[in-house]
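Worksheet for the structure shown next.
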Amino acid sequence: MKLGRQEVQDQTNCELAEVPENPEMLDVRVWRGTQQGEWQHFSVPKRDNQTILDVVTWIQRHIDPGLSYRFACRVGMCGSCAMTVTGRPRWTCRTHVAQVLSEGVLEIGPLRNLPVIKDLAVDMAPFFEKWRDAGGHFEGAKTRHDPPAQVSPNSANREEADLGIECINCGVCNAACEVVRWNGRYLGPAALNRAWTLEVDERDQSTETRHQGIWGEAGAFNCHSHGNCTVHCPVGLDPARSIAGLKRRALGRSGKGGGT
């Protein structure tokens, strides 16, 4: 049976709209403003299996329509809803209130290390510009007229690339990185992880261009190996491992007289 638009919307809003007669309330602090702003308190009905994104959406729909934030899929596939929750960057659609509630107050802010557009929405442009600067695009040698390149799924390079290719650009690792915090030029874990997946892809031809970024002043050797990026990655990737691979590759080239 095909549902009409209003029926679909009603189903989407159902869980957010149903509130017990005398619910237990959450004390929620939400960042309002841009880089300069203030924390604002809201009281939100507490429910079982409630996510942080549910809380933010309830505030926007029932208390303050002007609250700005980002989300898309709501199921942990797009990464758009990443925010800082009780001091830690997280996906809000996959983080339940019960996991993070501390001392009765739930604190929700924008991602760190990115410009704040308004409230909980940050400008992702600098994040993606670092992907560009790290040479994070695939550049093949074949044309549409050539047969596809064949890469064995069991090859060492293919297995190495597989460890890092599931990044969905949520920005959580970037927000968790202390080096990004004090060195805005540093390319950061997401961009360098992407560079590593291309570095071990034998089909890619853009290595020399990419090396200028990943081994330059803003590149991999700025990483202090704290490992925050790996600890916080919502999909279980290991950007710190990828960055270490880039460092080893650079040192290997230098030892062979290849330079960086």
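Every value quoted in this text rests on a predicted model; they were computed, and no experiment measured them.
- Taking every heavy atom of both residues into account, Val151 and Ser155 meet most closely at CG1-OG, 4.1 Å.
- Of all heavy-atom pairs spanning Gly216 and Asn222, the tightest one is O-ND2, 4.4 Å.
- Side-chain N or O atoms of Lys46 include none that pairs as donor or acceptor with a backbone N or O of Asp27 at under 3.5 Å.
- No side-chain heavy atom of Cys233 sits under 4.5 Å from any side-chain heavy atom of Cys173.
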Problem - Evaluation steps, side-chain hydrogen bond (donor to acceptor under 3.5 Å, both in side chains), between Asn49 and His96 - result: CA-CA 6 Å; Asn49 300 319; His96 288 80; 4.9 Å; no

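- Looking at every heavy atom in both residues, Leu67 comes nearest to Gln60 through O-CG, 3.5 Å.
- Arg112 places no side-chain N or O within donor-acceptor distance of the main-chain N or O of Pro89, the cut-off being under 3.5 Å.
- A heavy-atom distance below 4.5 Å is not found between the side chains of Ile117 and Thr34.
- In terms of modelled atom types and a separation under 3.5 Å, the side chain of Thr84 and the main chain of Pro110 share a donor-acceptor contact.
- Neither Trp91 nor Val85 shares a network with the other; the hydrophobic side chains, linked directly or stepwise wherever heavy atoms of I, L, V, M, F, W or Y lie under 4.5 Å apart, form separate groups for each.
- Salt bridge status for Arg249 with Glu199: present, with a side-chain N to carboxylate O gap under 4.0 Å.
- Atom CE of Met25 is surrounded by more than 12 heavy atoms from other residues, nucleotides or ligands within 6.0 Å.
- A salt bridge links Asp204 to Arg210: at least one charged side-chain nitrogen sits closer than 4.0 Å to a carboxylate oxygen.
- Between Phe221 and Trp215, the shortest heavy-atom contact is CE1-CD1, 4.3 Å.
- Within the 4.5 Å cutoff, the side chain of Pro126 has heavy atoms near those of the Pro115 side chain.
- The CG atom of Asn174 sits 6.0 Å away from atom CG of Asn113, with the distance rounded to the nearest 0.5 Å.
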* Gln40/Trp31 under side chain to side chain contact (heavy atoms under 4.5 Å, CB included): CA gap, chis, key distance, verdict -> CA-CA 6 Å; Gln40 184 174 350; Trp31 181 257; over 6 Å; no

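- Distance check: Ser43 OG to Ile63 CD1 gives 7.0 Å after rounding to the nearest 0.5 Å.
- Put simply, the side chain of Asn193 never gets that close to the backbone of Asp238: no donor and acceptor are under 3.5 Å apart.
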**Study point:** Verdict with reasoning, Asn157 to Asp201, per side chain to side chain contact (heavy atoms under 4.5 Å, CB included)
**Key:** CA-CA 6 Å; Asn157 280 345; Asp201 189 336; over 6 Å; no

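- For the pair Leu106 and Ile52, the minimum side-chain heavy-atom distance is below 4.5 Å.
- A side-chain donor-acceptor contact under 3.5 Å links His232 to the backbone of Asn228.
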Under the criterion salt bridge (Lys or Arg N to Asp or Glu O under 4.0 Å), I'd like the reasoning laid out for Glu160 against Arg241: C-alpha separation, chi angles, the key distance, then a yes or no.
CA-CA 10 Å; Glu160 186 66 38; Arg241 184 178 188 276; 2.4 Å; yes

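- Using a 4.5 Å cut-off on side-chain heavy atoms (C-beta onward), Pro234 and Cys170 make contact.
- For the atom pair CD of Glu129 and CE of Met124, the computed distance is 11.5 Å after rounding to the nearest 0.5 Å.
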Check your understanding: After noting the C-alpha distance and the side-chain angles of Leu187 and Asp133, does the key distance pass the side chain to side chain contact (heavy atoms under 4.5 Å, CB included) rule?
Key -> CA-CA 8 Å; Leu187 294 176; Asp133 295 342; 3.7 Å; yes

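- Here the CD1-CZ distance, from Ile108 to Arg90, works out to 11.5 Å after rounding to the nearest 0.5 Å.
- When side chains are defined from C-beta on, Thr197 does not count as touching Ser242, because their heavy atoms never get closer than 4.5 Å.
- Linking Ile, Leu, Val, Met, Phe, Trp and Tyr residues whenever their side-chain heavy atoms come within less than 4.5 Å leaves Val172 and Leu53 in two separate clusters.
- Taking the side chain as every heavy atom from C-beta outward, Phe138 and Leu198 approach each other to under 4.5 Å.
- The minimum heavy-atom distance between Asn154 and Glu159, with the atom names listed, is O-OE2, 3.6 Å.
- Under a 3.5 Å cut-off, the side chain of Arg194 and the backbone N or O of Gly136 do form a donor-acceptor pair.
- Asn183 places no side-chain N or O within 3.5 Å of a backbone atom of Val180 that could act as its donor or acceptor partner.
- Leu114 and Met83 fall into different hydrophobic clusters, where Ile, Leu, Val, Met, Phe, Trp and Tyr residues are linked whenever their side-chain heavy atoms come under 4.5 Å apart, directly or through other members.
- Closest approach of Ser225 to Lys247, counting heavy atoms only: OG-NZ, 3.7 Å.
- The hydrophobic cluster containing Val55 also contains Leu101, counting ILVMFWY residues as joined when their side-chain heavy atoms lie under 4.5 angstrom apart, directly or transitively.
- Judged by distance alone, with hydrogens and angles left aside, the side-chain atoms of Lys130 form no donor-acceptor pair with the main-chain N or O of Arg185 at under 3.5 Å.
- Hydrophobic clustering (ILVMFWY, side-chain heavy atoms < 4.5 Å, transitive): Trp182 and Leu192 are in one cluster.
- Side chain to side chain, Thr57 and Tyr69 meet the donor-acceptor criterion of an N or O pair below 3.5 Å.
- To the nearest 0.5 Å, the span separating OG on Ser68 from CG on Leu120 amounts to 8.0 Å.
- Gln35 CD: more than 12 foreign heavy atoms inside a 6.0 Å radius.
- A donor-acceptor pair under 3.5 Å links the side-chain atoms of Asp119 to the main chain of Gly33, judged by distance alone.
- With rounding to the nearest 0.5 Å, the separation of SG in Cys81 from CZ in Phe71 is 9.0 Å.
- Proximity of a side-chain donor or acceptor of Gln50 to a complementary backbone N or O of Pro45 within less than 3.5 Å is detected.
- The shortest distance between side-chain heavy atoms of Thr51 and Thr95 does not fall below 4.5 Å.
- Residues Arg74 and Asp54 are paired through a salt bridge, judged by an N-O separation under 4.0 Å between the basic side chain and the carboxylate.
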### side chain to side chain contact (heavy atoms under 4.5 Å, CB included) evaluation trace for Val56 with Val30
CA-CA 9 Å; Val56 174; Val30 178; 5.8 Å; no

